[in-house]
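Notes for the one structure printed next.
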Amino acid sequence: MVNLVLVSHSPSLVSGVAELARAMTQQSRVVIATAAGTGDPLHPLGTNAEKIHRAIEAAYSEDGVLVLMDLGSAIMSAEMALEFLPEEQRPNVLLCAAPMIEGSIAAAVQASLGGTLQQVAAEAMGALAAKTEGLSHIQQAVPAGTPVTDLTAAQTLLLTIENKLGLHARPAALFVQTAARFTAEIQIARATNEAKRVNAKSINAVGSFGVRQNEVIKVFAAGLDAAEALAAFQKLAADKFGERDEAVQPTVEVAPRKTTTVVDGALMGVPASPGYAVGPAVPLHFAEPVVERRAVDDAAAEWARLQVALDVVRGSTRQLRDQVAHSANSYDAAIFDAHLMFLNDPELMDQARQGILGEHVNAEWAWRVVIDKSAAAFEAIDDEYMRQRAADVRDIGRQVLTQLIGQPAAAVMTQPGILVALDLAPSDTARLDRSLVLGICTERGGPTSHSAILARTLGIPAVVGLGPIIMQVTERTPLVIDGQTGQVWTHPTKKLINEYTTRLTEWRDARDRARAASLAPAITQDGITVEVVANIGNPDDARAAITNGAEGVGLLRTEFLFLDRRDAPTENEQFDAYQAIGDVMGTRPVIVRTLDVGGDKPLAYLDLGHEDNPFLGQRAIRLCLNRPDIFKTQLRAILRASAGHNFKIMFPMIADVSEVRRAKALLAEARAELQAEGTPLADRVEVGIMVEIPSAAVMAHAFAAEIDFFSIGTNDLTQYTLAAERGNAAVAHLQDALHPAVLIQIRQTVQAAEAAGKWVGVCGELAGDPLAIPILLGLGVKELSMASGSIPKAKEIIRTLSLPEAKAMAAQVLKLENAEAVRDLLRKRGK
Ligand code: PEP
Ligand code: MG
């Protein structure tokens with residue numbers, strides 16, 4: 001029979017608990033030994049390892065001993081007591097993190113029934129479930145983010161929120177980002193109810209607080225920089241949180257709709273993205289991840305598991321943000337900034353930590369509870385726009401869950417057609433295979449739902465908010481959708497199909513004419529041709545690049561092959577993937593960047609050990625040089641795929657010239673091996689480095705002799721120059737690559753390259769920023785590599801420029817003091 005040891009700081013507490021536990025087990029033979037107090041009459045409250053050891057000896061049984069303890073030093077003392085035991089006894093003694101009172105009672109009952117040690121422990125760990133369940137209605141009623149601390153000596157500020165949609169997702173995100181810049185504790189309340197305050201550093205709390213247009217809020221700040229914080233909020237509100245009214249579309253339609261309107265035989269929805277589509281319906285049904293509550297022994301490991309999942313989702317969200325930023329505009333990309341803030345939200349994290357470490361439940365369950373609670377808080381707000389934010393919370397929640405469970409995160413579509421879905425999350429919309437999606441129809445969602453915004457961004461015709469009838473549509477039902485009027489016809493007549501096929505052709509022709517202009521080279525007014533190429537991650541991106549007028553690939557992020565899998569891809573798998581991209585690009589240049597993982601892109605199958613600062617740790621080339629097996633496999637695959645194509649190889653995250661030399665030596669080894677094996681490969685493959693670390697820019701003269709080209713990764717170069725982590729929304733204001741500190745390094749790199757007869761490109765997001773393009777050309781950059789969607793616009797801009805003019809502008813901005821000043825000046829010039 002399993003016996004128990006109860007450990008407490010207080011002898012009276014432990015004897016009370018033991019008494020209660022014994023009463024529950026009636027006449028059973030379960031031994032309940034206790035150890036409490038220090039044994040020091042002057043300081044009696046505390047724990048003593050020797051006492052615990054004696055209690056364990058008294059309760060020892062081959063079937064096992066479960067030790068339950070109260071808090072603090074009790075844990076350490078119990079661990080020490082374990083060490084006093086003979087080695088062969090230790091496996092039979094289990095320290096249990098269950099809450100002492102409930103856990104002891106549950107464990108005693110289970111032990112009296114003859115349970116095994118594991119069963120008794122599991123019962124103890126689940127002991128809080130009944131209480132949590134029973135009181136869940138009270139916890140739901142607690143408003144998200146209600147602060148527990150009362151701010152003393154707080155300075156205050158009254159603000160009227162003038163934004164059309166109040167403090168909705170994006171202004172709320174900016175509000176929280178601003179709060180996070182200050183050390184002061186900051187809370188907000190409605191002026192009409194100062195007692196109900198929320199933490200201003202939590203997006204969850206601020207967003208779900210539901211502040212509407214013209215409401216007056218009171219900001220409370222306490223701490224050294226409280227005054228500065230309030231001044232920053234005042235400026236922010238005066239600037240309407242950077243929001244242009246035209247950027248915010250009014251909420252016309254509510255979701256979910258209970259009925260569907262039919263006009264002239266068409267279902268009436270909300271026009272969400274212009275264009276027309278004619279084709280078969282492809283209904284998409286999401287399988288919500290199934291989550292069960294489990295008690296876990298190693299809560300710390302469970303917490304770490306959640307952290308890894310959160311990190312992965314942060315990484316992919318950041319990537320989506322970067323992609324959308326330049327194929328649409330930064331305003332749309334801010335959707336993902338709001339998502340990142342949810343992923344970093346201190347309140348959500350606290351609640352999840354409490355669930356996992358406090359209640360010893362599995363990460364999936366703890367996370368699901370937190371997300372449900374947060375989404376419910378948004379759903380309870382009497383404002384349609386805010387209610388739609390619940391979908392964002394659920395989207396983020398689902399992504400983390402699918403990551404934890406190991407399911408594919410995104411919706412998949414395997415045949416061309418019109419996608420019919422309940423609703424689409426932003427991440428699903430951004431990941432859709434555009435070649436298959438002719439159009440989108442959803443039951444829910446309004447024109448301001450993020451999926452609608454992103455459908456527009458991606459140029460997919462969409463009608464949303466169609467009501468429940470649309471979900472009755474079966475696979476391959478013929479559909480016609482009009483993204484201009486919001487009409488959707490099921491089983492359309494032949495006449496209607498013909499009419500819309502004609503309209504569709506005309507619409508596509510007009511779009512293609514705009515794209516066609518992009519197929520021509522980008523030549524400045526004074527006759528200089530600028531190479532405009534694309535950043536891609538897979539063969540689909542390569543096709544989109546060509547359609548948009550890319551003259552090649554300036555950055556192939558090879559990570560796509562390595563992420564979301566359980567082991568590293570083989571040489572042949574990689575060869576096939578690179579060759580598929582080479583086949584799309586023909587003889588156009590393709591710069592293949594070697595593996596850039598680590599940092600915010602962890603690989604499940606590479607144990608990098610714990611790193612306090614992963615962005616400063618074993619990332620990219622550092623990891624590759626430490627793992628020549630993985631690196632050489634990749635180099636061999638790239639070299640093999642270079643046959644018949646114009647491939648170049650680029651090493652990321654180079655800090656020191658010795659790294660380039662070692663990487664080149666491994667490349668030479670790979671080449672020699674392949675040649676010895678008689679494998680065909682290109683005679684010469686140019687080698688370049690990314691300039692992403694300030695040391696590479698400062699020492700560009702030393703690198704120039706080693707390589708053929710430089711490509712500036714402004715995303716990381718900005719991160720490392722301004723010491724502002726890329727995914728951290730709280731320091732987003734420092735992450736502007738137009739900062740003169742970054743521009744000066746670009747100039748320095750160009751000067752060193754030119755002196756050695758080498759060329760410089762830019763492949764960070766700055767390359768596709770319309771404001772930055774004249775500056776980069778003026779600094780002497782020869783190649784711009786960007787998201788495909790940005791290419792038509794970038795070419796248009798280049799065609800309006802002359803090089804002397806661009807040089808003069810560049811010289812002028814280099815003298816300015818920060819990125820804000822640079823942007824202000826460039827905007828004024830653009831007017
Ligand atoms: C960069 O850092 O600018 C870059 C292009 O690389 P990535 O965004 O993939 O880190
Ligand atoms: Mg980088």
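The shown structure was predicted, so the numbers you read here are calculated from the model rather than taken from an experiment. Order of listing sets the numbers, starting from 1, for every ligand and every atom in it.
One finds no salt bridge joining K664 and E659 here, because no Lys/Arg side-chain nitrogen approaches an Asp/Glu carboxylate oxygen to under 4.0 Å. Salt bridge annotation for R619-D596: present, with a cationic side-chain nitrogen under 4.0 angstrom from a carboxylate oxygen. Looking at E754 and K782, a side-chain N of the basic residue comes within less than 4.0 Å of a carboxylate O on the acidic one, giving a salt bridge.
Checking E692, E765, Q719 against atom 2 (O) of ligand 1, the nearest heavy atom belongs to E692.
Applying the 4.0 Å criterion to heavy atoms of R619 picks out, from ligand 1, the atoms 10 (O). Atoms of ligand 1 found under 4.0 Å from any heavy atom of L555 (numbered from 1 in listed order, with element): 5 (C). Residue contact check: C763 has heavy atoms under 4.0 Å from atoms 5 (C) of ligand 1. Each of the following atoms of ligand 1 lies closer than 4.0 Å to a heavy atom of G764: 3 (O), 5 (C). Remark: ligand 1 atoms within the under-4.0 Å shell around heavy atoms of D596 are 10 (O). Less than 4.0 angstrom separates some heavy atom of G713 from each of these atoms of ligand 1: 1 (C), 2 (O), 3 (O). Against a heavy-atom cut-off of under 4.0 Å, M690 is close to the following atoms of ligand 1: 4 (C), 5 (C), 6 (O).
Looking at ligand 1, you won't find any N or O of E559 less than 3.5 Å from one of its N or O atoms. At least one N/O-N/O distance between R593 and ligand 1 falls below 3.5 Å.
At a 4.0 Å heavy-atom cut-off, ligand 1 does not touch M786 at all. Contact annotation: for R557 versus ligand 1, heavy atoms closer than 4.0 Å belong to the side chain alone. At a heavy-atom cutoff of 4.0 Å, ligand 1 is contacted by no atom of N535, backbone or side chain. When heavy-atom distances to ligand 1 are checked against a 4.0 Å cut-off, I712 has no atom that comes that close, whether in backbone or side chain.
With rounding to the nearest 0.5 angstrom, the CZ atom of R305 is 11.5 Å from the CG atom of L310.
Residue contacts to the Mg ion (ligand 2): D716 brings an N, O or S atom closer than 2.8 Å.
Aromatic ring orientation, Y720 versus F615: perpendicular (interplanar angle above 60°, classes split at 30° and 60°).
Using modelled atom types, no side-chain atom of R557 and backbone atom of R593 make a donor-acceptor pair closer than 3.5 Å.
A donor atom on one side chain and an acceptor atom on the other are found under 3.5 Å apart for D716 and Q719. At a cut-off of 3.5 Å, with distance as the only test, a side-chain donor of N535 or S785 sits close to an acceptor on the other residue.
When you scan the N, O or S atoms of E692 for the one nearest the Mg ion (ligand 2), you land on OE2.
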Practice item. For side chain to side chain contact (heavy atoms under 4.5 Å, CB included), just list the numbers for H739 and T718, CA-CA rounded to whole Å, side-chain angles, deciding distance to a tenth of an Å, and then say yes or no. Key: CA-CA 8 Å; H739 199 292; T718 310; 5.7 Å; no

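Residues V762 and L776 meet the side-chain proximity criterion, which asks for heavy atoms closer than 4.5 Å.
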